[in-house]
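Here is the structure we will look at.
Counting starts at 1 for both ligands and their atoms, following the listed order.
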Amino acid sequence: MALLELKGVVAGYGPAVALHKINLSLEQGQRVSLLGANGAGKSSIVNVISGLLPIRSGEVWFEGERIDGRPAYRVVERGIAQIPEGRLIFPKMSVWENLELGSTALRDKEVKDVLLKQVFDLFPRLAERRKQLAGTMSGGEQQMLAVGRAMMSRPKLILSDEISMGLAPLVVRDIYDTLLRINQEWGVTLLMVEQEARLALEVADTCYLLESGTIVASGPAEEMARSEVVRKVYLAED
Ligand code: ATP
């Protein structure tokens, strides 16, 4: 059974249709990236899964249960966390308070403490700055915080949207390395939206290519990196 499955999902904004009958399937432990130009519908897919964008038709299944139509907080409770585009950390709250907010779906204080320790192990920088107001940290540190906050809900699936946006390449590399650790050591499945095509193909094992709200190609990331359309259009190779 797939961990996550989208079946014929149609969604949009007002009269505009952003996703046309999307079919997508993720196995537990997979690392999948969504590739596509601006406006192709990558964020819309992520927002459909997390319950932020309602669907017009189709179905979304997670661990054998239908989750479309559920409010976003219920989706988090089921084990899906989002690292949103633009990070959306709470700037006037401390690092620690931001992390706490990530775990509101959990009740057990001991579990929260264990998670907090794990997040601080993954990102020692956050531990050092736990009392600092989040809005005063660097962009890279804020992105680490957004990843840590997602981890605090003890997710089975993490949806990430444009992690690299506005950050220096080395910082981006560092954050993706940590996400790969989260995938490999904790078995968390990843669905990543990434504008940087090279990176998207490198960090994922499987890649979907989106154009104008339709999936036009998908397959193992290595094969996709060799395909003509990806090389010409997204990697700008001859
Ligand atoms: P980007 O990389 O630029 O974020 P994307 O592939 O993530 O692009 P989406 O953000 O999913 O694409 O957008 C898909 C389509 O839906 C686009 O045509 C976009 O203009 C439209 N769209 C997205 N959000 C809204 C909104 N809140 N209201 C109206 N239209 C929207």
Side-chain angles (χ1 to χ4, degrees), residues 4-26 30-60 62 67-73 75 80-89 139-140 142-143 146-147 150 157-169 171-172 175-176 179 189-204 206-219 221 224-225 227 229-236:
L4 174 82
E5 198 158 15
L6 272 64
K7 297 182 187 171
V9 165
V10 177
Y13 306 87
V17 177
L19 299 177
H20 304 271
K21 296 207 169 171
I22 296 289
N23 295 310
L24 188 148
S25 171
L26 263 76
Q30 253 190 318
R31 295 189 305 277
V32 175
S33 63
L34 299 177
L35 198 59
N38 282 336
K42 305 179 297 294
S43 298
S44 299
I45 290 189
V46 161
N47 289 334
V48 154
I49 298 166
S50 60
L52 292 173
L53 176 62
I55 64 174
R56 293 185 187 166
S57 58
E59 297 173 1
V60 182
F62 183 69
I67 59 164
D68 53 272
R70 291 194 186 186
Y73 68 90
V75 175
I80 301 179
Q82 185 164 1
I83 302 168
E85 185 170 353
R87 303 163 201 138
L88 308 188
I89 51 122
Q142 291 187 23
Q143 188 60 276
V147 176
L157 169 66
I158 289 185
L159 313 168
S160 69
D161 200 349
E162 303 281 6
I163 284 204
S164 67
M165 197 188 276
L167 300 180
V171 176
V172 173
I175 293 173
Y176 271 113
L179 263 189
T189 307
L190 303 176
L191 180 61
M192 302 169 280
V193 170
E194 181 49 68
Q195 271 282 321
E196 295 283 335
R198 231 167 273 281
L199 204 55
L201 290 160
E202 204 184 302
V203 293
T206 306
C207 183
Y208 284 81
L209 178 60
L210 265 173
E211 277 175 17
S212 312
T214 305
I215 290 170
V216 292
S218 65
M224 293 285 283
S227 87
V229 57
V230 170
R231 282 182 42 223
K232 285 210 167 120
V233 181
Y234 297 95
L235 299 174

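- Glu194 contributes a side-chain N or O that, together with a main-chain N or O of Glu196, makes up a donor-acceptor pair within less than 3.5 Å.
- Looking only at heavy atoms of the protein, atom 4 (O) of ligand 1 is closest to Ser43 OG, 3.7 Å.
- In this structure, Gly41 is part of the shell of residues with a heavy atom less than 4.0 angstrom from ligand 1.
- Annotation: atom 5 (P) of ligand 1 to nearest protein heavy atom, Lys42 N, 3.5 Å.
- No option in Val171, Ile163, Ile89 other than Ile163 meets the side chain to side chain contact (heavy atoms under 4.5 Å, CB included) test with Gln143.
- Atoms of ligand 1 found under 4.0 Å from any heavy atom of Glu162, numbered from 1 in the order shown, are 2 (O).
- Proximity to Gln195 (heavy-atom distance under 4.0 Å) selects the following atoms of ligand 1: 2 (O).
- At the shortest separation from atom 14 (C) of ligand 1 among protein heavy atoms lies Gly39 O, 3.4 Å.
- Annotation for ligand 1: atoms under 4.0 Å from non-hydrogen atoms of Ser44 are 9 (P), 11 (O), 13 (O), 14 (C).
- Side-chain atoms of Lys42 never come within 3.5 Å of backbone atoms of Leu35 as a donor-acceptor pair (strictly under, hydrogens ignored).
- Side-chain contact, Ser43 with Glu85: a donor N or O sits under 3.5 Å from an acceptor N or O.
- For atom 26 (C) of ligand 1, the closest non-hydrogen atom of the protein is Tyr13 CD2, 3.3 Å.
- The minimum heavy-atom distance between Asp161 and Val193, with the atom names listed, is OD1-CG1, 3.3 Å.
- Contacts of Ala37 with ligand 1, taken as heavy-atom pairs under 4.0 Å, involve the backbone alone.
- Here's the thing with Ala18: none of its N/O atoms is less than 3.5 angstrom from an N/O atom of ligand 1.
- Atom numbering of ligand 1 starts at 1 in the shown order; those under 4.0 Å from a heavy atom of Asn38 are 1 (P), 2 (O), 3 (O), 8 (O).
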Solution key, residues 11-23 side-chain donor-acceptor pairs under 3.5 Å, sequence neighbours excluded:
unit_1: Tyr13; atom_1: OH; unit_2: Ser44; atom_2: OG; d: 2.8
unit_1: Asn23; atom_1: OD1; unit_2: Gly8; atom_2: N; d: 2.7

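- For atom 19 (C) of ligand 1, the protein comes within 4.0 Å by no heavy atom at all.
- Every residue two or more places apart in sequence or in another chain that forms a side chain to side chain contact (heavy atoms under 4.5 Å, CB included) with Glu59 is listed here: Lys7, Trp61, Arg66, Asp68.
- Heavy-atom proximity to Ala40, at under 4.0 Å, picks out these atoms of ligand 1: 5 (P), 6 (O), 12 (O).
- With Ser218 contributing its side chain and Tyr208 its backbone, the two residues share no donor-acceptor pair below 3.5 Å.
- No donor-acceptor distance shorter than 3.5 angstrom exists from the side chain of Arg31 to the backbone of Thr206, with no hydrogens or angles considered.
- For atom 1 (P) of ligand 1, the nearest protein heavy atom lies closer than 4.0 Å.
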